[in-house]
Structure formats: structure tokens, C-alpha cells
Amino acid sequence: MADEVLSQFQQKKEAAKIDTNRKLRVGIIGTGWIAESHIESYKRMPDVEIVAGADLIPGKAERFFKRYGVEGVRLYPSHKEMLDNEELDAVSVCTYNRQHAAPTIYALNKGVSVLLEKPMCVTTEEAVEMMRAEKASGKVLSVGFQPRFDANMQMIKKIVQSGTLGEIYYIQTGGGRRRGIPNSTFIEQKTAGIGAMGDIGCYSLDMVLNAIGYPKPLTVTGYTSDFFGTNPKYNGADAARFNVEDFAAAFVRLEGGIILDFRISWAMHLNTPGDTIILGKEGALRIPSTDCWNGSVGGPMTLYHDVAGCQTQTTIPIINDNGSLFDRKIRSFLDAVKNGTEAPVPTSQIIYNQAIIDHIVKSAAVGHEIEVQIPEL
């Protein structure tokens, strides 16, 4: 019986063919930590030429491209100068959160497609401005959620979309770390804008929202705290400049009568705030949490359902899907640019992810439930 249930969700794969006749000219904006994964993937793509880079910090871009052995790259002190002087097909925006919107909008206005690192930005209003530029340009704007390309994540969506769970009415999701506060630009309002939600919370939201078809959020009751990040006992010298959230929780009402119970943490006195649970009228799915968001699930999933009137559990085994999720993210973006097809992780979905995060912050500030407001495009 278990094999019969699992057979419904078998995935078929076809080898991708890359057209190397046309090379895409790519630039990288921001050469910090996340840009390392971008350049490594671009170097593995036979139809890419990395021709330009930009970073505000003098000498940083030079050191970055030298370290990765990419020669002949023209370097600029700002994204504007790079985009004003280069003929590019695409850019990766790898800046800190507060600077996601400006280079993305400028690139789109120049007719250049953008792969934007997550989170999309900091505020709902910024997200809408990017979408307006995207719409006007006709170019590709994709947001960097590489877990989308993990076979186990895709299995979650396949199970939900198959109807096996029936109508979804409640979801519990989140995750976090017992101790895992990052440093650098992640922990200050002036650069990050948001903390744990922007770093790892957006991933857990995408996992479940993508599975259920990204319904519109209607209301949010949010809570945030910074008890660990601001305490030298737990965060050392960085506590003095820490001013984003290290924990967040929310109760979100979605279109279709679905309730989303969300919590995320960089630090707490617990190893996990709980597994992800998707409850439907015909079944339920339990997705084990991970120690730290790594782009997959924490172990075999369990499908709870009735068979011939008997309560039954089916184990969904881990799919050992070798290969780089980052490479798949980069490849899917490049294919969309070349073929003029829809962004692999479209802003029409991620705007809701961003709106939830932004309204958690806003709700926490006023101390009560608020309606989700998304400006018209």
C-alpha cells in the first residue's frame, strides 16, 4: 500500500541541454559572502561570460574576482556606473537587504534581467516598486530561493497539489537554531533591515506557500524579539550593534480560509520550534525540521491519511538528489533570460512572502493584528 501511495508522486527528469552558441554577459553587484556561490555557479555555466562587477568598498571587488580566477572583469564602485557603461544581459544582485531594491530597479530600467538574492527586500513598498520596474522592462526578475529546486521540496508541493491532503486549512511552519546568530551586515537595521526572518524565515514561508499555490495574505498578528542578539552573554561584542529581530512569530490568515502559524529563530533555549505540519481535510503531512535551514527537509516526511476507513501513515523517504541547488537556481534563471520565459521564482509569488514578513514587523510595532496592505502595481 505504501508503494502504491508513493507511486503517485514519482518525478520524471530529463537531461537539460545548454545552447552555447549565444553567451550571456553577466555582472555581479555586491561581492560579499553570498556572491561567492553565484560566481562559482556562473563559472560552471558554459554559456556565461562574467564581464563586470561592482562593490562600494574600495578593493573588495578586485580581491573577489582575483580569488576566483576570473580575469578581464571590468570593475566599478557602484551599480549605476557599471550599468551605465556595460552592455549586459543579466546581473546578480548580492548586496545587503537594504540595497536590494535600488540596483534591481536600475538594472531593469536599463533593460537588464536580474537574479535577486533573498529576501526580496525589506518592505512591501520596495517590492512593489521592483515589480513595477519589472513589468515596464519586460525583463526577467527572479528571486533567489534555491530550496525550490530540491527534489524533497518539490515532493511537498506535489503531495499537496495531488489532492491527497484534501482542502488545506492549517499550516504550522518555521524553524531556527538554538545558537546561530550571524554577524557582518546581517544584524543591523541600516544594512539588513530585518533579521532572522530575512535570513531563514523567508525560506520556510516559501516552502509552504509555494506548496499551496501562494494564496494572498489577508491579516497578520506578529511578534518579534531580540533577547539573544542584544545580550553580550550570547552575542559577545556584536550585541552592541545588534538591532534586528532574532526571533519572530506570527498568526497569518490567508485567502481560502487557511491559517498559517509561523515562528523563526536565530537563537533560543530550544533546538527547534517544531516540525512543519500541513493539515488538510483528507490527510496531513509532517515535515521534519532542520538544525539550520540548508535547502531541504530534516528527514523522511510522514503522510497521515485514511485507507478503507483505517488510519494509516506513509513514510515519504528522503530523495537523494545529488547536485548543486545553487547551480539549478542559476541555470533556471539563465534559461529564462535566454528563452524569454517566466522567472523561475516569480515576484508575483514572492511579493506575498515579503508582505507577510513586513507586516509581522508592522504588527509587532503596534501590538495587534493588522490587515495586509499591498499597493497596486
Side-chain angles (χ1 to χ4, degrees), residues 22 24-30 34-35 38 41-42 48 52 54 78-84 86-149 193-194 198 202-203 205-206 209-210 213-217 326 328-359 372-377:
R22 178 194 166 199
L24 291 174
R25 295 167 59 82
V26 171
I28 298 177
I29 301 172
I34 196 62
H38 283 253
S41 284
Y42 281 133
V48 165
S78 73
H79 66 272
K80 289 185 177 181
E81 289 181 67
M82 185 184 84
L83 290 160
D84 286 345
E86 296 288 341
E87 293 291 332
L88 300 173
D89 296 297
V91 293
S92 278
V93 173
C94 302
T95 59
Y96 48 78
N97 301 346
R98 287 279 188 198
Q99 280 297 309
H100 278 188
T104 296
I105 292 169
Y106 201 82
L108 291 168
N109 289 342
K110 287 285 186 178
V112 178
S113 292
V114 178
L115 176 57
L116 172 63
E117 259 309 319
K118 63 82 194 169
M120 188 174 179
C121 49
V122 176
T123 71
T124 309
E125 291 74 18
E126 287 176 326
V128 169
E129 286 303 314
M130 285 192 281
M131 292 178 71
R132 286 172 177 160
E134 173 192 19
K135 184 177 180 180
S137 72
K139 295 298 179 179
V140 175
L141 171 55
S142 188
V143 188
F145 284 84
Q146 65 271 8
R148 285 272 189 110
F149 303 95
I194 45 179
C202 61
Y203 280 144
L205 287 173
D206 188 65
L209 293 172
N210 184 47
Y214 257 100
K216 183 180 180 180
F326 231 94
R328 294 174 194 172
K329 174 172 79 172
I330 296 288
R331 185 67 256 163
S332 66
F333 168 67
L334 295 173
D335 288 343
V337 173
K338 282 186 132 179
N339 301 325
T341 51
E342 182 180 341
V345 184
T347 57
S348 58
Q349 294 177 353
I350 307 306
I351 181 65
Y352 294 151
N353 188 307
Q354 191 66 48
I356 289 173
I357 291 173
D358 183 29
H359 285 75
V372 175
Q373 301 285 348
I374 302 176
E376 293 292 331
L377 289 181

Exercise. Got Gln354 and Thr347 here, is their nearest side-chain heavy-atom distance under 4.5 Å?
Worked result: no
Exercise. Can you name the residues that form a side chain to side chain donor-acceptor pair (under 3.5 Å) with Ser332, not counting sequence neighbours?
Worked result: none
For this session: First locate atom OG of Ser78, then atom CG of Asp84, and finally report the distance between them rounded to the nearest 0.5 Å.
Result: 7.5 Å
For this session: Could you tell me the separation between the CD1 atom of Ile350 and the CG atom of Leu116, rounded to the nearest 0.5 Å?
Result: 10.0 Å
Exercise. Would you say Gln349 and Leu209 make side-chain contact, with heavy atoms under 4.5 Å?
Worked result: no
For this session: Taking the side chain as every heavy atom from C-beta outward, state whether Phe145 and Met120 have any atom pair closer than 4.5 Å.
Result: no
Problem set entry | Val114 vs Leu108 side-chain heavy atoms within contact, under 4.5 Å | yes
Exercise. Which heavy atom of Pro346 sits nearest a heavy atom of Arg148, and at what distance?
Worked result: CD-NH1, 4.5 Å
For this session: Could you tell me which non-hydrogen atom of Lys118 sits nearest to which non-hydrogen atom of Gly198, and how far apart they are?
Result: NZ-O, 3.5 Å
Exercise. Which distance, rounded to the nearest 0.5 Å, do you find between the OG1 of Thr95 and the NE2 of His100?
Worked result: 4.0 Å
For this session: Determine the sole option in Leu115, Leu141, Thr104 for which the side-chain contact (heavy atoms from CB on, under 4.5 Å) test with Val93 is passed.
Result: Thr104
For this session: With rounding to the nearest 0.5 Å, note down the distance linking CD1 in Ile29 to CG in Leu83.
Result: 5.0 Å
Seminar exercise, completed: All heavy atoms of Asn353 vs all of Asp206, minimum pair found to be ND2-N, 3.5 Å
Seminar exercise, completed: With sequence neighbours left out, the residues meeting side chain to side chain donor-acceptor pair (under 3.5 Å) with Glu87 are none
Problem set entry | Residues in side chain to side chain donor-acceptor pair (under 3.5 Å) contact with Ser137, at least two apart in sequence or another chain | none
Problem set entry | side-chain contact (heavy atoms from CB on, under 4.5 Å) partner of Met82, chosen from Val112, Ile28, Leu88 | Leu88
For this session: Quick one: closest heavy-atom pair of Asp335 and Thr341, and the distance?
Result: O-OG1, 4.1 Å
For this session: Locate the shortest heavy-atom distance separating Arg328 from Phe149; write the atom from each residue and the value.
Result: NH1-O, 2.9 Å
Exercise. Have Glu117 and His38 got a donor and an acceptor in their side chains that come within less than 3.5 Å?
Worked result: yes
Exercise. What closest approach, in Å, do Val372 and Ala355 show between heavy atoms, and which atom pair accounts for it?
Worked result: CG1-CB, 4.1 Å
Problem set entry | Contacts of Glu126 that satisfy side-chain contact (heavy atoms from CB on, under 4.5 Å) - sequence neighbours left out | Ala101, Cys121, Val122, Thr123
Problem set entry | Basic-acidic side-chain contact under 4.0 Å: Lys338, Asp89 | no
Exercise. For the atom pair OH (Tyr214) and OG (Ser348), what is the distance rounded to the nearest 0.5 Å?
Worked result: 10.0 Å
Seminar exercise, completed: So the salt bridge (Lys or Arg N to Asp or Glu O under 4.0 Å) pairs with at least one residue in residues 132-147 (sequence neighbours excluded) are Glu129-Arg132
For this session: To the nearest 0.5 Å, tell me how far Asn339 CG sits from Leu334 CG.
Result: 10.5 Å
Problem set entry | Set of residues satisfying side chain to side chain donor-acceptor pair (under 3.5 Å) with respect to Tyr42, sequence neighbours excluded | Ser92
